[in-house]
Amino acid sequence: MSEYKVLPGPEAYLPPSAASMGITLPDPGEALIEGRIVPEDEAIEYAARKLLSAKVPTIFPGPQVLWKWDEMAPKIAKALRELAVILPARLIPMADYRPKYPKIDPAVEINPNHPNLTIWHNKIDVCMFVGVHCHLSGMGLKMIRGGTDCYTIAMCLMAGHEDACISVRDTTDEKIRKLIDAVKKLKAQGVKSQALPFTQFKHDYKSVKE
Amino acid sequence: MNKKAAVGNKRIIASTHVKLGQKNKKGQTYTDPNRFFFETPGTANFLTGSEVIREAIKRASIDMSVAYPITPQSEAAALIGELYAEGYMGDYFRGESEFAVMSQCAGAAFGGARVFTTTAGPGTMRAFENFPMWAGARLPIQVCVTCRGINSPLSIQPDTLELYFLLETGMLIWHAETAQDLFDFILKGFVVAEQPDVHLPIAVCCDGFFVTHTKDTVMLPPDDVCLPPYDPYKSPVVCMDMECPPVRTMRDPFVMKSNYISYAAHATWQQEMRAACDRSRKHTISLLDGLIDAENTDREILIVASGTAVSQGREAIRLLEQEGVKVGLVKIKSLRPFPTQEVREATKNAKHIFVPEFNMAGWLAREVQAVIPDNHRVVAGPRVGGGMTLPSEVIVEEIKKRLGMKVATLASRGS
Amino acid sequence: MKKRMNIRMSGLGGQGAVTAAHIMAMAANKEGKYSISNPFFGAEKRMAPAESYVRIGPERIYDRGELVFPDVIMVFHPQVITMQKSYTAPFYSGIKEKGLIIINTSADLLHEEDYERLGKLGVSVYNFDAISMALEIGGTELSTNMAMIGAVAGITKVVSLDALDKALQERFGKRYVASGGTATLDEAIKKKYAKKEMLLKKNMDTILKSYEIAGAWAAEHKQELEAVAV
Amino acid sequence: MSKEKIQICEDLYDIMPPEYQDMVENATYGKEGRGWKDIGESKELIEQHSLCAGCPEAIAFRYVLASLPNPENTVMVGSTGCTSLVFPHVAVHNIHSLFGNQNAVASGLARALKVRFPDVQKDVVVLAGDGATVDIGLDMTMQSWFRGEKFTTICFDNELYANTGGQESGLMQKGFVAKMAPVGKLFDKVRLPEIAREAGCHYVACLTVSKPQRVEKALRNAIFVAREFGPTYIQLYTPCILEIGKQSMEGLDEMKSAETVGGRFVFKEYMTDAVKDFLADLEAKEKAQKKTAKKPVTA
């Protein structure tokens with residue numbers, strides 16, 4: 001197994017891709033923490049801990065969960081909303097993958113073609129990708145590790161991402177719910193969210209919490 | 001069919017959007033690849049390589065194929081047409097040139113189809129602009145390349161120089177030694193290339209004539225089983241069929257350094273393509289039983305080769321054995337990804353590493369030299385070109401010369 | 001059989017040397033031996049040099065491509081020698097010691113110098129008029145390759161008559177896949193014989209006759225032919 | 001895809017940027033008789049573009065997208081050039097692969113969609129510049145017509161290579177001095193509409209984009225005919241105001257002057273007799289429908 005560690009950046013001007021450093025993707029039931037293959041539950045618990053410890057935890061839902069195109073998408077969307085509320089965390093969508101013209105507002109949306117803006121001038125310290133097509137997510141994760149010190153989590157609908165600090169594969173709404181349960185459990189144990197207060201669009205987490 | 005995987009081995013995961021066990025309109029049963037490759041009994045058939053391509057495609061559940069005549073792949077391409085006439089695929093036609101054919105294959109793959117095509121030599125070169133485009137667009141098209149000479153003056157004979165050009169296109173490149181390899185590689189190639197974490201084009205290559213026009217014994221599973229079909233929604237990129245999100249999307253937008261798009265996007269795009277190629281290792285290892293085959297690598301003398309050169313190496317090893325010289329063999333099955341670790345490990349005991357090749361450039365020798373320590377151990381040859389044969393006696397001669405043994409110089413032509 | 005036999009067939013485009021190699025390989029395959037056959041030709045068409053190779057042996061054969069060092073050379077047409085329509089010059093270069101050469105000819109085409117060189121190597125030469133035999137028994141020149149097959153099988157016994165019969169059935173009895181030119185020739189020959197059965201029979205008859213005559217010749221030259229007998 | 005599939009998951013609706021919410025609410029997917037008149041009243045299928053201010057290509061793009069009869073089941077194929085800078089912002093799936101291979105890509109795509117969705121009418125529309133259509137891609141343009149591929153080819157003819165900076169193209173007028181034509185172009189403008197007619201296109205139209213109604217009509221004709229008969233071709237004059245030395249506001253005048261009597265872009269249409277009958281039928285049906293629609297609804 002590779003000794004390489006997938007840690008938050010900024011690692012290099014153009015950091016190597018984890019796959020080329022020998023990190024392999026997990027098999028079903030497994031997940032990755034910083035390049036190590038671990039049981040999936042362990043990774044989910046660790047992700048919950050990371051999200052709670054963040055000052056600006058942010059969830060990036062991608063097209064596969066934003067758009068109601070198959071049976072799974074609305075289920076995951078619902079779970080993500082609950083997760084965002086319970087953590088709390090911002091939800092910043094990756095609505096599509098176009099190089100947007102003339103500008104993109106990184107507080108409103110993200111896009112892998114605009115890497116300098118991808119994580120909001122490094123204001124986001126922990127982010128989570130869900131439902132972004134793997135090729136684009138692979139790009140986004142690499143650029144984040146190249147340019148910022150953001151801790152990345154990828155809840156992948158398919159085979160996972162070595163370039164994320166934590167990666168879970170075959171994500172369903174149930175796995176997001178496992179993450180919610182892990183957050184709840186940690187909170188019950190007295191772990192407090194370190195998130196700075198924020199207001200997002202029409203939705204203020206404080207008001208929704210009730 | 002390849003060696004059976006030991007029980008308890010990690011298994012390949014294939015698409016399951018179409019129920020396994022269900023029958024297609026030709027009455028073939030969609031079969032889990034693990035069962036298909038490792039549990040379905042095969043029977044021996046005596047066939048040419050071209051016929052073997054037909055047999056593989058008959059069981060591959062492809063949606064489409066596009067053809068263009070060029071020796072030595074023309075027979076295979078025509079046979080696939082017959083399969084279409086028999087109802088084994090949705091569409092098939094003759095394109096107007098290899099450049100167009102590869103673009104037509106791209107169009108079909110963008111639209112979510114499993115596509116197969118064949119080409120050779122100058123055709124490969126004419127098509128070339130498409131190959132890095134396929135890889136960048138993450139299109140899991142399979143092209144079977146039946147290598148032939150490419151430079152002027154024209155030749156139709158086997159020569160593997162075109163493979164050198166293909167190496168850095170971003171495609172997966174496998175090199176078949178025999179008709180059996182060709183059959184296995186074509187079917188397994190679809191399974192590996194279409195993995196969501198890989199999802200790259202694959203060139204399954206063989207040496208023209210030596211494989212395509214040679215009659216050889218091949219084990220074939222019954223023709224009433226077939227691979228599960230391709231699932232375009234298990235793709236790392238968006239399928240262009242207006243059935244999946246995002247609706248506003250272009251495959252693939254220009255990524256240039258300008259006021260609104262970063263150069264880093266293009267660089268990481270390339271890294272992601274190459275990462276996908278690396279990820280194929282895991283799947284390839286379980287399906288092909290490794291990226292290399294290694295025999296007797298504890299010996300001081302090794303032959304490292306791919307394609308037909310492996311066969312010639314095997315015969316040379318037999319001849320040398322009769323004279324008491326023991327030689328090991330490393331057969332490289334996957335050229336991309338290159339089996340770097342495997343080759344290092346397999347060659348660690350060798351004092352002399354011979355790399356026989358069917359091209360004048362000696363690209364495989366360079367690849368080996370680039371990844372092993374003490375690469376003066378590599379003897380880059382013997383090599384032939386232009387479709388010349390590489391008799392096993394010539395490899396024997398090269399090895400004996402290096403060892404300081406007496407050799408009678410072999411004349412190739414005339415006397 | 002104890003060892004590998006490598007046969008090089010040098011002919012002219014359209015004569016059926018490729019088909020002959022395929023039939024020999026199929027026959028060997030049918031009787032449980034290992035075999036490989038492959039053709040080699042240029043972009044030229046009929047009457048241009050065309051070679052095919054068949055390797056038959058007791059164990060798995062890997063070697064492929066042009067046979068540079070054959071045990072047996074079969075010359076399908078006098079022009080291979082007289083017009084040098086051959087991939088090698090002279091046509092017998094590379095032949096192994098105690099090898100065999102079978103030439104389709106009505107006259108002796110070799111010079112004294114050739115015999116001298118072949119003699120040194122202990123190579124036997126079997127001249128016979130395969131075209132006449134084809135015309136006489138098969139009723140068409142297109143059966144020349146059958147006469148050639150009969151000769152090599154009769155001398156070396158590398159494949160049996162029974163196996164050849166089965167191979168013929170497979171080759172002409174059902175639809176066969178071949179490159180463009182060969183497919184067209186197949187059609188031509190099928191037209192010549194009203195029925196497929198007739199074609200098979202005439203072909204087999206040609207093989208039988210040639211096998212018989214060549215076999216008798218081989219019996220006379222038993223000693224010299226040891227190296228190529230199976 | 002049905003209009004119902006172009007929906008945002010409720011739980012994440014409010015976090016979507018407003019233009020996506022607007023697209024779902026107000027775009028004209030699935031609208032019978034959609035056309036250029038929807039522009040200004042509903043959400044267009046095209047967002048910002050990065051073309052020069054006043055570029056006629058931009059308005060041509062908007063007319064084309066507004067007039068697609070079936071955008072929720074249309075996939076477009078483009079090529080390298082100015083058009084490819086607009087395509088990322090278009091809300092129907094679209095493909096760029098290489099320069100000049102657009103009709104080959106479309107051939108493969110249209111056939112694949114037919115195989116995958118035998119019961120759904122999926123329209124494939126090629127839209128490329130004149131360099132891609134006539135010069136580097138002419139072989140594949142024409143071969144797709146010879147083969148009778150059932151899709152529409154649109155050429156945005158600006159009579160030069162605009163994206164690379166104004167080089168000579170096959171559709172450039174004879175005598176025009178341009179980069180790579182330092183003494184003026186030495187041969188005539190290629191007569192692609194006539195070539196298209198002879199090469200097997202069942203419907204051909206050549207026009208400017210000065211009159212949106214006409215563009216809409218030609219496009220709808222081309223797509224309906226492509227579905228039933230085979231290849232169709234539309235050539236639209238979209239002058240490159242930059243390279244011919246005009247101001248941003250002069251595009252329309254340039255087009256109008258090119259379409260006046262004796263001009264290069266006098267409106268012309270070619271169609272087979274069968275197509276003529278088919279289009280006449282179609283028109284009659286549409287008229288009848290409009291008539292019924294106009295009738296007051298009685299309770």
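Worth saying up front: this structure is predicted, and the values here are computed from it rather than measured. We name chains A, B, ... by the order of the sequence lines, and we start the count at 1 in each one.
Between chain B and the options D96(A), I23(A), L66(A), L157(A), the largest number of non-hydrogen pairs under 4.5 Å is found for D96(A). In terms of heavy-atom pairs under 4.5 angstrom with chain B, the leader among M21(A), M139(A), Q64(A), K68(A) is M139(A).
Between the CG atom of L136(A) and the OG1 atom of T249(B) there is a distance of 7.5 Å, given to the nearest 0.5 Å. Residue S17(A) holds its OG atom at 7.5 Å from CZ of R279(B), rounded to the nearest 0.5 Å. We find the CG-OG1 distance between L14(A) and T268(B) to be 7.5 Å, quoted to the nearest 0.5 Å. Note: E272(B) CD to L141(A) CG = 8.5 Å, rounded to the nearest 0.5 Å. Separation of atoms CD (Q270(B)) and NZ (K142(A)) is listed at 12.0 Å; rounding is to 0.5 Å.
Using a 4.5 Å cut-off between heavy atoms, K234(B) touches chain A through backbone and side chain atoms alike. Only the side chain of R138(B) comes within less than 4.5 Å of a heavy atom of chain A; its backbone N, CA, C and O stay farther away. If you measure heavy-atom distances from D70(A) to chain B, you find no contacts under 4.5 Å at all. With a 4.5 Å cut-off on non-hydrogen atoms, M158(A) touches chain B through its side chain but not through its backbone. The part of A95(A) that comes within reach of chain B is its backbone (N, CA, C, O), which places non-hydrogen atoms under 4.5 angstrom from that chain.
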R248(B)/R98(A) under side chain to side chain contact (heavy atoms under 4.5 Å, CB included): CA gap, chis, key distance, verdict: CA-CA 8 Å; R248(B) 176 167 20 232; R98(A) 70 187 156 125; 3.6 Å; yes

Carefully, step by step, assess W269(B) and H135(A) under the rule side chain to side chain contact (heavy atoms under 4.5 Å, CB included). CA-CA 8 Å; W269(B) 191 293; H135(A) 179 77; 3.0 Å; yes

Using the side chain to side chain contact (heavy atoms under 4.5 Å, CB included) rule, take V237(B) and H133(A) through it: C-alpha gap first, then chi angles, then the decisive distance, then the call. CA-CA 6 Å; V237(B) 282; H133(A) 281 88; 5.6 Å; no

Yes or no on side chain to side chain contact (heavy atoms under 4.5 Å, CB included) for H161(A) and D197(B), after CA distance, side-chain angles and deciding distance? CA-CA 8 Å; H161(A) 295 283; D197(B) 53 327; over 6 Å; no

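For K282(B) (side chain) and L25(A) (main-chain N/O), a donor-acceptor pair under 3.5 Å exists by modelled atom type.
Annotation: Q22(B), atom CD; neighbour count of heavy atoms from other residues, nucleotides and ligands within 6.0 Å is above 12. For E168(B), the CD atom sits in a packed shell: over 12 heavy atoms of surrounding residues, nucleotides or ligands are nearer than 6.0 Å.
Contact detail for P245(B) and P63(A): the closest heavy-atom pair is CG-O, 3.4 Å. Of all heavy-atom pairs between P15(A) and Q271(B), the closest is O-NE2, 2.7 Å. The two residues P28(A) and I13(B) come nearest to each other via the heavy atoms CG-CD1, 3.4 Å.
Between P99(A) and F254(B) the shortest side-chain heavy-atom distance does not fall below 4.5 Å.
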